[in-house]
Number of protein chains: 2
Amino acid sequence: MGVSKTQLFDTRQNELAQVARVLAHPARVAILQHISRQDSCICSDLVEETGLAQATISQHLAEIKKIGLLRGDFQGRNLCYCIDKDRWDEIQGLFDTFFTRIGQQCC
Amino acid sequence: MGVSKTQLFDTRQNELAQVARVLAHPARVAILQHISRQDSCICSDLVEETGLAQATISQHLAEIKKIGLLRGDFQGRNLCYCIDKDRWDEIQGLFDTFFTRIGQQCC
DNA sequence: ATTATATATCGCAATATTACGATAATAAAG
DNA sequence: CTTTATTATCGTAATATTGCGATATATAAT
């Protein structure tokens with residue numbers, strides 16, 4: 001059929017999967033790294049940086065926004081994005097808990 | 001077009017994305033959790049556990065194997081999988097580095 | 001208000017993923 | 001060697017993702 005049967009799984013499993021999906025594309029990994037490297041946040045020389053089209057970058061940004069990781073503010077002409085640190089730490093915690101629990105129980 | 005342009009990104013970015021992709025489905029998260037919960041490893045009552053078809057579970061297991069996270073041994077009739085702890089720790093490290101670096105630099 | 005620049009959205013094509021039934025392959029038991 | 005139980009693979013259908021050109025929207029400057 002081809003539809004993910006999310007109803008078979010619990011909230012935590014679905015949430016982790018949803019967040020992992022955002023990191024499951026190298027462009028989105030690169031975008032997050034690039035945004036974080038700028039002292040003050042950054043707009044979209046991401047297009048130059050990555051070599052992807054503007055529409056494509058905008059779509060990837062939308063995916064990252066969906067899980068609450070981005071905040072955008074206009075600075076002059078430019079819309080500058082930065083990472084929402086609280087949400088970032090929260091998600092880091094999600095992964096850390098997942099990895100640590102399984103790592104302890106396993107084998 | 002619809003092809004991920006992996007050549008635009010570096011090895012680390014692609015590796016993280018590839019690993020994240022495996023975690024990007026709740027069934028695979030659930031499978032990993034379930035395998036880790038068994039003292040000795042587990043075979044496939046995963047089908048019962050999840051409610052997915054046997055072929056589907058087998059496919060998900062293959063995805064998890066691709067990134068080196070599973071080791072399988074026959075015990076009697078049953079093929080019992082367990083998590084490769086070394087690889088698990090390695091991947092935990094990958095995510096931890098990624099999250100920590102970005103978390104420090106950002107904003 | 002108009003213009004210039006930046007970003008988002010739409011529509012489409014190509015490819016990838018998810019799921020499952022059917023079937024093949026594998027390993028223990030008889 | 002044959003049978004039985006378990007897991008893997010194949011083929012296929014439905015849906016999702018990726019990417020981009022074209023276009024719409026939004027903000028700042030004039």
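Chain identifiers are assigned alphabetically (A, B, ...) following the order of the sequence lines, protein sequences preceding nucleic acid strands; residue numbering begins at 1 within each chain.
- Within 4.0 Å of B:A55, counting heavy atoms only, lies at least one base atom of the nucleic acid.
- Between the side chain of B:T56 and the main chain of B:L52, no donor-acceptor pair closer than 3.5 Å is present.
- Contact annotation: B:Y81 reaches the phosphate of D:dA8 (side-chain N/O to OP1 or OP2, under 4.0 Å).
- With hydrogens and angles ignored, the 3.5 Å screen pairs no side-chain donor or acceptor of A:S58 with any backbone N or O of A:Q54.
- Rounded to whole Å, atom P of C:dA19 lies 9 Å from atom CD1 of B:I57.
- Between B:L52 atom CG and C:dT18 atom C1' the separation is 9 Å, expressed in whole Å.
- Position along DNA chain D of the nearest nucleotide to A:R21 versus A:G51 favours A:R21 as the more 5'-ward residue.
- Taking the nucleotide of DNA chain C with the nearest heavy atom to each of B:Q54 and B:H60, the more 5' of the two is matched to B:H60.
- A:D73 places its CG atom 13 Å from the P atom of C:dT7, with the value rounded to the nearest Å.
- B:D45 places its CG atom 13 Å from the C1' atom of D:dT7, with the value rounded to the nearest Å.
- The six-membered or imidazole ring of A:W88 lies near that of B:F98, with a centre-to-centre distance under 6.0 Å.
- Between B:H60 and B:H25, the angle of the ring planes lies from 30° to 60°, which puts this pair in the tilted group.
- Counting to the nearest Å, the P atom of D:dT18 and the CD atom of B:Q7 are 15 Å from each other.
- Put simply, NE2 on A:H25 is 8 Å from C1' on D:dT17, counting in whole angstrom units.
- With rounding to whole Å, B:I64 atom CD1 is found 11 Å from C:dT18 atom P.
- Phosphate contact (OP1/OP2 of C:dA19, side-chain N/O of B:T56, threshold under 4.0 Å): absent.
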